[in-house]
Amino acid sequence: MNKNRILEIAKQNNGYVTTELITKHGIARFFLTQLVRENQLIRIARGFYMLSDSIEDKYLKYQISNSSAIYSLETALYFHNLSNRVPETLYMFVPSNYGGNLIKNDTIRLTYIPRDLLELGVIEIQSPMGHKIKIYDMDKTICDIIKYKSKMDIEIYSSALKNYAKSKNKNLTKLMKYAKVLNMEEKIREIMEVLL
């Protein structure tokens, strides 16, 4: 009965279930362990499980086990339709004291930034599989690619700036607000004057 309820909760949640979620439904955690042993659930991260017949959402997986990691640079450009190249390598910003499991992951490129700047411009969007993930908004992403140009593919960089200049969703006021916080006002102004 409890195991079936857990499986039903997972189905309603795009194939995923958390310890927190089943606890709210008054179900003991023990049943999660049983479902893993029976190969009906797969443990993705601590307190986070998916149905064994579900397709894994890599964007969600990396954030679930690393809540301070935020998708950035080329990955964020892709989600904002400023780049049409599907990112093979995922770019994430993490706090400068980060010591988590993403360090050893070859498919992820980390950029260490001061903790007080980590949440600047963060928004939630849906991953391709319909789960909430955290990325930087479009205007903050433009500041970031300019600041970290050396980490960027030059073709993606140039095309993203052109696409941003043409975008109806750009917010130049917000862009300059971020530029001020990041101490990049002059640089951003120069680039925008050329593009616009």
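- Between Lys3 and Glu38, some side-chain heavy-atom pair lies under the 4.5 Å cut-off.
- In this structure, CD1 in Ile156 is found 8.5 Å from CG in Asn84, a value given to the nearest 0.5 Å.
- With sequence neighbours excluded, the residues forming a side chain to side chain donor-acceptor pair (under 3.5 Å) with Tyr98 are Asn66, listed by chain and number.
- The CG atom of Asn171 lies 12.5 Å from the CD1 atom of Ile142; values are rounded to the nearest 0.5 Å.
- Residues Phe93 and Tyr148 form a side-chain contact, since some pair of their non-hydrogen atoms from C-beta on lies under 4.5 Å apart.
- Side-chain contact check for Lys162 versus Leu82: every heavy-atom pair is 4.5 Å or farther apart.
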TODO: Check step by step if salt bridge (charged side-chain N to carboxylate O under 4.0 Å, His left out) holds for Arg85 and Glu155.
DONE: CA-CA 10 Å; Arg85 203 181 297 176; Glu155 198 178 299; 3.5 Å; yes
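- Connectivity analysis of hydrophobic side chains (ILVMFWY, heavy atoms under 4.5 Å, direct or indirect) links Met1 to nothing; its cluster partners are none.
- Taking hydrophobic clusters as Ile, Leu, Val, Met, Phe, Trp and Tyr residues chained together by side-chain heavy-atom distances below 4.5 Å, Leu73 does not share a cluster with Leu90.
- The side-chain heavy atoms of Met138 and Asn169, taken from C-beta on, include a pair separated by under 4.5 Å.
- For the pair Met50 and Lys61, the minimum side-chain heavy-atom distance is 4.5 Å or more.
- The six-membered or imidazole ring of Phe79 lies near that of Tyr59, with a centre-to-centre distance under 6.0 Å.
- Ile123 and Leu117 are assigned to two separate hydrophobic clusters, defined by single-linkage of ILVMFWY side chains at heavy-atom distances under 4.5 Å.
- Ring centroid separation for the pair Tyr71 and Tyr136 does not come in under the 6.0 Å cut-off.
- Partners of Thr107 according to the side-chain contact (heavy atoms from CB on, under 4.5 Å) rule, which considers only residues two or more places apart in sequence or in another chain, are Tyr62, Asn105.
- Leu161 and Ile154 fall within a single hydrophobic cluster, where Ile, Leu, Val, Met, Phe, Trp and Tyr side chains are chained together by heavy-atom contacts under 4.5 Å.
- Within the 4.5 Å cutoff, the side chain of Thr111 has no heavy atoms near those of the Val94 side chain.
- The hydrophobic cluster containing Ile6, built from Ile/Leu/Val/Met/Phe/Trp/Tyr side-chain heavy atoms closer than 4.5 Å, also comprises Leu7, Ile9, Val17, Leu21, Ile22, Ile27, Phe30, Phe31, Leu32, Leu35, Val36, Leu41, Tyr49, Leu51.
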Pair up each side-chain donor or acceptor in residues 173-192 with any protein partner under 3.5 Å, not counting sequence neighbours, and list the distances.
| residue | atom | partner | partner atom | Å |
| --- | --- | --- | --- | --- |
| Tyr178 | OH | Asp137 | OD2 | 2.6 |

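- Asn163 places none of its side-chain heavy atoms less than 4.5 Å from the side chain of Lys170.
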Open item on the list: Apply side-chain contact (heavy atoms from CB on, under 4.5 Å) to residues Ile135 and His80 and explain how you reach the verdict.
Closed with: CA-CA 10 Å; Ile135 70 166; His80 290 303; 3.4 Å; yes
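- For Asp57, the side chain to side chain donor-acceptor pair (under 3.5 Å) criterion is met by Ser127, His131, not counting sequence neighbours.
- By the rule that hydrophobic residues join a cluster once side-chain heavy atoms approach within less than 4.5 Å of another member, Ile70 and Ile133 end up as members of separate clusters.
- Looking at Leu60 and Phe48, their side chains come closer than 4.5 Å, going by heavy atoms from C-beta outward.
- Rounding to the nearest 0.5 Å gives a distance of 8.0 Å between CZ of Arg46 and CZ of Arg43.
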